[in-house]
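Below: one structure, written as structure tokens.
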Number of protein chains: 2
Amino acid sequence: MVTELNDGTFDFCETLTDAEDALAREMLERASAKWPLRVMHILAEAKGPLRFSRVLERVEGISQKVLTQTLRTLEADGLVTRTLYPQVPPRVEYELTPLGGELLVEVVGLWQWIANRLPDFEAARKPKGQTEN
Amino acid sequence: MVTELNDGTFDFCETLTDAEDALAREMLERASAKWPLRVMHILAEAKGPLRFSRVLERVEGISQKVLTQTLRTLEADGLVTRTLYPQVPPRVEYELTPLGGELLVEVVGLWQWIANRLPDFEAARKPKGQTEN
DNA sequence: TAGTTCAGTTACCATAAGGTATGTATAGAT
DNA sequence: ATCTATACATACCTTATGGTAACTGAACTA
């Protein structure tokens, strides 16, 4: 799908419809976004179901409103399951689906790749000041 | 860094400071975002420098204000070079850096992974309606 | 003298994202 | 009768993102 040419440039071959392409980009953007990524990460570390409050405690800085929204979106995308136990007070457990786990591994892989290159990124940030007008 | 355990769960081992971790997440989020990704993609396909107007034409739907912002951010992150030729009217060329090209290959790899799994994502989207309150 | 070109900048506006604070339902404990 | 716990929903407000439209500057052209 992506090949490096011998002149150092890259070639991208696409076999998707525009709709599929757009959908894949959207999923990529969602899965890499701050809150979904952190929520999935917490659920992966838990290695099992977590109650709403436990997730809220562990995802530092998130509000319960945004956590609710994030979990609902993840559920709608099939990345997380929501299980309601009709007790009083209610108990709701969230867990990563296998698909969510696989996606997370891929995203974390990219994140680690970036982390390994951080020195390069820092070095590349405006080494001199050549580009002023 | 990421290992799948034999019980099907995953283990994440981190050796970064919080600051490095946050920076890597930020770069991940930026590189996966809609406009930066599309701009980098166009520049990669061009296999060489492109003038501002050419990029503007090829990135469908972007406004020149946002394109300017996007290119400046990519430049500040060392993913794109900006070369000003002091003519009248001015000529400015943008080109992917090697680092930008490498990052793009990684991001596009993830994007292609998602694209290959699109049937799974579609199948996982609310197959029945079990989770109503 | 006025118009064209290029790569922006600036002002203004609409929408989205996200935060805080408060309300809600229900059963059990005090 | 009141309080507590849980998982939200809702109202309200601020900030961020992004779009449109108009303006700029300097040289060349008609």
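Each chain gets a letter, A, B and so on, in the order the sequences are listed, and its residues count up from 1.
Nearest to the side-chain atoms of A/Phe52 among the listed nucleotides D/dA7, C/dT9, C/dT5 stands D/dA7. For A/Val88, the side-chain atoms get nearest to C/dT26 when compared with the rest of C/dT26, C/dG8, D/dA7.
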Could you list, one pair per line, each protein nitrogen or oxygen that sits under 3.5 Å from a nitrogen or oxygen of nucleotides 18-25 of chain C, together with the distance?
residue	atom	partner	partner atom	Å
C/dG18	N7	A/Lys65	NZ	3.4
C/dG19	OP2	A/Ser63	OG	3.2
C/dG19	N7	A/Lys65	NZ	3.1
C/dG19	O6	A/Lys65	NZ	2.3

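In summary, of the residues considered (A/Thr83, A/Val80, A/Thr81), a side-chain contact (heavy atoms from CB on, under 4.5 Å) with A/Tyr94 occurs for A/Val80 alone. Among A/Leu50, A/Leu56, A/Ile62, the one residue that satisfies the side-chain contact (heavy atoms from CB on, under 4.5 Å) test with A/Ile42 is A/Leu50.
One hydrophobic cluster, built from ILVMFWY side chains closer than 4.5 Å, cannot hold both A/Val88 and A/Val92; they sit in different ones.
Distance B/Arg30 CZ to D/dA16 P: 14 Å, rounded to the nearest Å. Note: CD (B/Glu93) to C1' (C/dG8) measures 16 Å, nearest angstrom. Between the P atom of C/dG8 and the CD atom of B/Glu75 lies a distance of 10 Å, rounded to the nearest Å. Distance B/Leu67 CG to C/dT9 P: 11 Å, rounded to the nearest Å. Here the P atom of nucleotide C/dG8 and the CG atom of B/Leu71 are 8 Å apart, to the nearest Å. C/dT9 atom P lies 14 Å from atom CG of B/Leu56, rounded to whole Å. Here the P atom of nucleotide D/dC8 and the CG atom of A/Leu84 are 8 Å apart, to the nearest Å.
Looking at A/Arg38 and B/Arg25, their side chains come closer than 4.5 Å, going by heavy atoms from C-beta outward.
Nearest heavy-atom pair, A/Met40 versus A/Gly100, reported as atom, atom and distance to 0.1 Å: CE-O, 3.4 Å.
At C/dA7, one or more side-chain N or O atoms of B/Arg51 fall inside 4.0 Å of OP1 or OP2 (strictly under the cut-off). Residue A/Arg91 places none of its side-chain N or O atoms closer than 4.0 Å to OP1 or OP2 of D/dA7. Distances shown here put every side-chain N or O of B/Arg72 at or beyond 4.0 Å from the OP1 or OP2 atom of C/dA7. For D/dA7, neither phosphate oxygen OP1 nor OP2 lies less than 4.0 angstrom from any side-chain nitrogen or oxygen of A/Thr68.
Heavy-atom neighbours of B/Gln87 CD from other residues, nucleotides or ligands within 6.0 Å: above the threshold of 12.
In summary, B/Arg117 and A/Glu102 engage in a salt bridge, as defined by a charged side-chain N under 4.0 Å from a carboxylate O.
Contact annotation for B/Tyr94: backbone-only contact, meaning every heavy-atom pair under 4.0 Å involves sugar-phosphate atoms and none involves a base.
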